[in-house]
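Scroll down for the structure; my scribbles are underneath it.
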Amino acid sequence: MGPQWTWFSRAQCQSGEPPGPDREREKRWAELFDQLDLNKDGHIDIVELRAGLASRGFSRKSLEKMVEAGDTNQDGVLDFEEFTQYLRAHEKQLKLMFHKLDKNNDGEIDVAEIRDCLRSMGVNISMNDATRILLSMDKDGTMTIDWNEWRDYFLFNPLTNMEEVARYWKRSMMLDIGEQLTVPDDFSEEEKKSGYVWRQLMAGAMAGSVSRTGTAPLDRIKVFRQVHGSSDFTGSVLTSFQVMWKEGGPWSLWRGNGINVLKIAPETAIKFTAYEQIKNVIRGGNETRTLRVHERFVAGSLAGATAQTAIYPMEVLKTRLTLRKTGQYTGIADCAKQMLQKEGVRAFYKGYLPNLLSIVPYAGIDLAVYETLKFAWLNRNIGLADPGVMVLVGCGAVSSTCGQLASYPLALIRTRMQAQASLKGAPKLSMLALIRNIVSQEGVTGLYRGISPNLLKVIPAVSVSYVVYEYTRMMLGVDIEGRRGGKGKS
């Protein structure tokens, strides 16, 4: 159990204090240092910071930045002088941020000032969101934030401007579980102009590529079970692997993965561009208005439909290449050529209707579940600033899985319609006829054939996607707060 932070309530530092540390502040910092120096060796390292501040909910990366900023002799630890120098400099930055928010100079920050300041920087939030930010810092229940509350809340957080505060609960990690039906992120105007958005999208595309490649064998089993139902590929996932290996060798496990990776970039770019345009239409010319959740859902669904329409031929090709037998096609171009010659252009849009219909339940449930989990965490952890990696990853994985479960029957019908022409003797059925046929022959459970390998790939896909996303973002010079090269903005 971590130490009790009684020093917060004893803080006497007022917003009108003279420059330089006074005696009371030095005493408070000495108590702080003593509580954090667990082994009493006169230094504080990252392990002691994590243990001492565990109840405050800070991520390891935030604490590493604090040590890096204060470690003037670069020995990897903070002595008392370095500790106090860091706090002194950080309090100055916090004071500047406080005065920037306190527009009427009354020594207190209210909800309207939080919202107005963030909106002036292009970060559009609602009054409810601004109230949640205020409540997380308001310890005395006055519905305002004084200097002491502001300083105590951010004292160990290496933030340098208000936009970084707003980024905490943005859904900025683009986790890829093999589906691209989620509602896109909202970005501020500053992020768009700086190129931050496209670096984020690039990192997300790279993460998706590695994630999909790593889980491609499970995806291929899912497609086979969706198409062949209970007639083939019975037994466990391991048995299915053995069947595929026997037919085409180890490389056959990755059939269809190439085009599945290729379609990430155009789909992401089209969806993001369409989302921004549709949001502008919904706002009706009022660029400062924040979209409500249901409006984001509508914009996200329409953007997803636009992207899916543009890249849908690639979806059909992916299904055909995944199902192909050894020697059937020489590659993507040969597959497209044979489809065009034998079936015509319409073959590239088979299953388009159920695919379009699946966007609504997927995007709607994914967004609703994510928002519910996010606010449940906020309500249970009012005093914590940073939700941390595991919370964000967990919310994303659970919400995406729920979205998949709701839309899975339509995804199965889509896949079967895409594959109909490649199955000899199979009747060419419509969407409704296929549903009736599956239910009559296999029961309702037939609409969920292949769901087990699909669920099995969620955890490894999310984990791989996050790790690659973080490393790619570091390579592109974008840290967790979205700044270039680790330097704060002026």
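For reference, positions follow the sequence shown, starting with 1.
In this structure, Phe348 and Leu340 have side chains that are in contact, with non-hydrogen atoms separated by less than 4.5 Å. Under the 4.5 Å side-chain criterion, counting only non-hydrogen atoms from C-beta, Asn454 is in contact with Gln404. A heavy-atom distance below 4.5 Å is not found between the side chains of Arg255 and Tyr329. Here the side chains of Arg225 and Ile221 are in contact, with some heavy-atom distance below 4.5 Å. Counting heavy atoms from C-beta outward, Gln420 and Leu429 have side chains that approach closer than 4.5 Å. Taking the side chain as every heavy atom from C-beta outward, Gln418 and Tyr352 never approach each other to under 4.5 Å. Between Leu321 and Asn260 the shortest side-chain heavy-atom distance does not fall below 4.5 Å. For the pair Leu317/Met339, a side-chain contact is recorded, criterion being any heavy-atom separation below 4.5 Å from C-beta on.
Across every non-hydrogen atom of Met244 and Pro217, the tightest pair is CE-O, 4.0 Å. Here the closest non-hydrogen pair linking Lys457 and Asp219 is NZ-OD1, 3.0 Å. When every heavy atom of Ile359 is checked against every heavy atom of Ser301, the shortest pair comes out as CG2-O, 3.7 Å. Nearest heavy-atom pair, Ile311 versus Lys263, reported as atom, atom and distance to 0.1 Å: CD1-CD, 4.4 Å. The shortest heavy-atom contact between Thr319 and Ala419 is CG2-CB, 4.3 Å. For the residue pair Ser465 and Ser211, the shortest heavy atom distance occurs at CB-CB, 3.9 Å.
At distances below 3.5 Å, not a single donor-acceptor pair connects side-chain atoms of Gln93 with backbone N or O atoms of His90. A donor-acceptor pair is defined here as one N or O able to donate and one able to accept, closer than 3.5 Å; such a pair exists between the side chain of Tyr408 and the backbone of Arg449. Put simply, the side chain of Gln226 never gets that close to the backbone of Gly450: no donor and acceptor are under 3.5 Å apart. No donor-acceptor pair closer than 3.5 Å links the side chain of Tyr275 to the backbone N or O of Ile270. Under the 3.5 Å distance criterion, the side-chain polar atoms of Trp150 are left unmatched by any main-chain donor or acceptor of Ile145. With hydrogens and angles ignored, the 3.5 Å screen pairs a side-chain donor or acceptor of Ser252 with a backbone N or O of Gly249.
Checking Thr144 against Asp110 by side-chain atom types alone, no donor-acceptor pair falls below 3.5 Å. Remark: the Gln441 side chain and the Asn437 side chain contain an N/O donor-acceptor pair separated by less than 3.5 Å.
One distance of note links CE of Met314 with CD1 of Ile264; it measures 10.0 Å at 0.5 Å rounding. Between Asn355 atom CG and Leu410 atom CG the span is 9.0 Å, to the nearest 0.5 Å. Taken to the nearest 0.5 Å, the CG atom of Leu434 stands 5.0 Å off from the CD1 atom of Ile413. With rounding to the nearest 0.5 Å, the separation of CZ in Arg324 from CG in Asp334 is 10.0 Å. Here the straight-line distance linking atom CD of Glu295 with atom NZ of Lys279 works out to 11.5 Å at 0.5 Å rounding. The OG1 atom of Thr322 lies 9.0 Å from the NZ atom of Lys222; values are rounded to the nearest 0.5 Å.
Atom CD of Gln242 sits in a crowded spot, with more than 12 heavy atoms from other residues, nucleotides or ligands closer than 6.0 Å.
Between Glu343 and Arg320, at least one side-chain N (NZ, or NE/NH1/NH2) sits under 4.0 Å from a carboxylate O, which counts as a salt bridge. Remark: Arg416 engages Glu442 in a salt bridge, criterion side-chain N to carboxylate O under 4.0 Å.
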Can Thr326 and Glu247 be said to form a side-chain contact (heavy atoms from CB on, under 4.5 Å), step by step? CA-CA 7 Å; Thr326 303; Glu247 190 277 329; 3.0 Å; yes
Gln308 vs Glu267, side chain to side chain donor-acceptor pair (under 3.5 Å): CA-CA, chis, key distance, verdict: CA-CA 7 Å; Gln308 285 286 301; Glu267 185 174 5; 2.6 Å; yes
Between Tyr349 and Thr309, does the side chain to side chain donor-acceptor pair (under 3.5 Å) criterion hold? Intermediate values first, please. CA-CA 9 Å; Tyr349 279 90; Thr309 301; over 6 Å; no
Worked check of side-chain contact (heavy atoms from CB on, under 4.5 Å) between Met202 and Met206: CA-CA 6 Å; Met202 194 182 301; Met206 182 64 71; 5.9 Å; no
Step by step, work out the side-chain contact (heavy atoms from CB on, under 4.5 Å) result for Leu405 and Leu455. CA-CA 9 Å; Leu405 288 171; Leu455 293 178; 4.3 Å; yes
Check step by step if side-chain contact (heavy atoms from CB on, under 4.5 Å) holds for Ile332 and Leu262. CA-CA 11 Å; Ile332 297 173; Leu262 281 175; 3.9 Å; yes
